[in-house]
Every structure is written in structure tokens, then in C-alpha cells.
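Here the structure comes first, spelled out in C-alpha cells, and everything after it is commentary.
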Amino acid sequence: MPLIMAFPDALGTGLVINCSPATVESTKPPAPLRAAIAELISEYERTLSRFRADSLVAAMGRAEHGGRFAFPEWARGLFDLVDLLNAATGGAIDPCVGEDLTRLGYGVDMSFAVEMGAAGRLGSIHGRPTWRGDVRREGTTLVTSRAVHLDFGACGKGYLVDLIGRMLLGGAARAGAMPQRHAEYAEYGAYAEFVIDAGGDLLIHSHTPVAIALEDPADASRAIGVVRVRSGALCASAPSRRHWRDAAGHELHHLLNAIDGMPVRDIAASWAFVPADWGRADAPIATALAAAYPTAFADGVATALFVMNPGALAAGVGSYAEVPQPRAVPAFDCLTLDGRRRAMMSAGFPVELYTR
């Protein structure tokens, strides 16, 4: 895949696209397509980043008495995925953890200093706003009655990858899967192959399997195994690259259980794989959602595996008690590594583990 588009500042991790054009006459990505992707990234961050003072999410956090916040139409699938993950985990995955992260020191100022008295204010158990209780959805408009600090890190990076993937696929634009004004760039799509890598969240569309090393969370210079993927999304979650210590020396990180607002301790890393099947529009709603946004779903699953074991997550047993039936969670394959370096994986996860 010789053609490369790099966006080094995207989402704080950088984003790289390798692709092969559908025709041999093409020697480089067309400038209009690159410009459209850059514009989408800018709009995405301007809308959803809690680290930008001019973002819509930041405005929600400043609205002491709440308000109505109209998000772009392209955010509908993201909110649907948040609904799914929030319900399936019984609230353990919740974008309202933005407030907890800030109290723990991972805020706009990146102080990494825990707020005084934070322990008694973290999590939904201490009255922090929740997605289910304090955010009302009206399509892509979010309605609140008090300040809500959102963080879409659970699946937001993967969602942007999927939107870009739709642009590269070309014809998907006509199904309304990307911002409408970018649909004109669909003529540059139909790339024969591509790999989108956003800080380790990958979407792969290839004729032959692509090998991806799984980073050892204890040593970034080593791998614990290799995954080979031809078509699908592979996402990882681990605290190894984003952690800090409080004044007492306790290690903190960004992967929280939204119920108590505390970093999860017993999982070292997780990986989730979801096959890409963009054509399953007639599938059940949840399955169609995962098929339309495989990277976002894999990203969300990798995060959710820190707060629920794979079997419970797949069964949706964390669903709220008053919900009569667990919300259906689409199929996924995964691998988790706990703090004692014990691996657990599903039968379909396409990995070759290194055992020595």
C-alpha cells in the first residue's frame, strides 16, 4: 500500500492512512480528498474534544444550568454506540467520566494533580452526572439540566476512523455514513486497499492479511503476539501509555469504571476484533450499528473489557435491572491480559500468541 496520508496531530495520537488506488494511473492521494479528511478531523475535534475550549462538548461543561446542544448529523451513530455500551455495562461505560478524569488530573490543563477531596466526588455513586440520567437525546441534540463534562474516548477515536474509512470506500457516502458535504469526495474513493491507524485503533481493508504486532503493556519494545487481518477493525486499550501518580504515589490512569470513577486495576490490556461488513443494513439494529462502525464498536468493546469480562459483556448481563431483557451486543472477538499476565481470548480472535 504505497500511498500515505499522515495527520500527525489528529486526536492527540496522530492518524496515518496507507492506501492503494483503484486504478494504476493514480500515483498519490488526490489533494481534494486529503483536504476533505483534514476538514473532517478538524470538525470532529471542534465538536467532541473536551480539550478544546471552543468545542461543543466544552460548552456543555460550562453550562451551569444545562441547555440544548445540537450536534452534527454525523454524530448519530456515535451516540447510538454510547447508548449501547452504556446499557450493556450497566453504566460502567459512560461519557460523563470526563468530570472524573478532570478531578483525577487528566483535564484540559494536563496537570496530572488530583483535586482536593476528589475521592468523595468521583463516579455516579457520588452523584456525578450520568449519560442515562442527565443527558436526554433528541436525535443528535443533547439536552441537559446542569453542567455535564463528556469524554467520548471509549469509542470516539474509532468512530472517526470509520467515517474516514467510508470516504475511502467511496460509495458508502451515498448511504449517508459521512458528513453530507464530504460526499462529493466519494468519486475519489473505492480504494482497492487501505489501512487506517489512529494510535493503534486500526481499520483494515486488504486483499491479503495484514500482520499487526500486539504491544506488550509491560514493555513497549516487545510484542506478546501477532494478529493477521484482511478486513476488519482491531482496537487496543491499555493504561501503559497514559498513566500518572497522585501525591501518595498511587498509580492512576484514564481507563475508569464510571460507577465509582476509579481506574480499573485488574486488567493490563485488551484487544477487540470486529470484522468489517458494511453491507449488513438489514441486520438487527445493534448488529447493523457494529457493521456500519466496526472500529468504533471494537474501540468501545476494548474499553468495556476493563469493566466487564467478555462473556458478561457479550450477553449484556450488565444491563440496568429495570430493563426486561439484556440489550443485544453484537458479536466480537477479543483478547485480554490481566495484571498477572494471564491471557484470555475468544475462539475467533485471529492471534498467534508468543508463549516464551
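Worth knowing before you read on, the calculation uses all heavy atoms, side chains too, and leaves out hydrogens, waters and symmetry mates.
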Establish whether L56 and V82 are linked, either directly or via other cluster members, by ILVMFWY side-chain heavy-atom contacts under 4.5 Å.
-> yes
Joint hydrophobic cluster, I259 plus L150, side-chain heavy atoms closer than 4.5 Å | no
Does any N or O in the side chain of [X] come within less than 3.5 Å of the main-chain N or O of [Y], such that one atom is a donor and the other an acceptor?
X: T144; Y: V148; value: no
X: D100; Y: G123; value: yes
X: E193; Y: H207; value: yes
X: D333; Y: G348; value: yes
X: R166; Y: A292; value: yes
X: S145; Y: G66; value: no
X: S42; Y: A38; value: no
X: D299; Y: T295; value: no
X: S270; Y: A302; value: yes
X: D94; Y: A258; value: no

Within a 6.0 Å radius of atom [atom1] on [X], are there more than 12 heavy atoms belonging to other residues, nucleotides or ligands?
X: R340; atom1: CZ; result: no
X: E138; atom1: CD; result: yes
X: R121; atom1: CZ; result: no

Side-chain ion pair, R342 and D266, N-O less than 4.0 Å = no
Is a salt bridge present between E352 and R228, judged by a nitrogen-to-oxygen distance below 4.0 Å?
-> yes
Which of parallel (below 30°), tilted (30 to 60°) and perpendicular (above 60°) describes H253 and F306?
-> perpendicular
Quick one: sort the F71 and F79 rings into parallel, tilted or perpendicular, breaks at 30° and 60°.
-> perpendicular
Heavy atoms only: give me the nearest [X]-[Y] pair and the separation to one decimal.
X: V195; Y: V210; answer: CG2-CG2, 4.3 Å
X: C235; Y: L202; answer: SG-N, 4.5 Å
X: L289; Y: G77; answer: CD1-O, 4.0 Å
X: G165; Y: L203; answer: CA-CD2, 4.0 Å
X: E45; Y: L11; answer: OE2-N, 2.6 Å
X: A223; Y: Y354; answer: O-CD1, 3.4 Å

Do the two ring centres, one from F51 and one from Y106, sit under 6.0 Å apart?
-> yes
Do [X] and [Y] have side-chain heavy atoms sitting under 4.5 Å apart?
X: L48; Y: L78; value: yes
X: L15; Y: I164; value: yes
X: P72; Y: T140; value: no

Stepwise, does the side chain to side chain contact (heavy atoms under 4.5 Å, CB included) test hold for R128 with R103?
-> CA-CA 11 Å; R128 189 218 61 226; R103 294 192 189 283; over 6 Å; no
Worked verdict on L305 versus M344 for side chain to side chain contact (heavy atoms under 4.5 Å, CB included) | CA-CA 11 Å; L305 290 171; M344 179 169 62; over 6 Å; no
Cation-pi check, R50 onto F152 ring (under 6.0 Å, within 45° of axis) | no
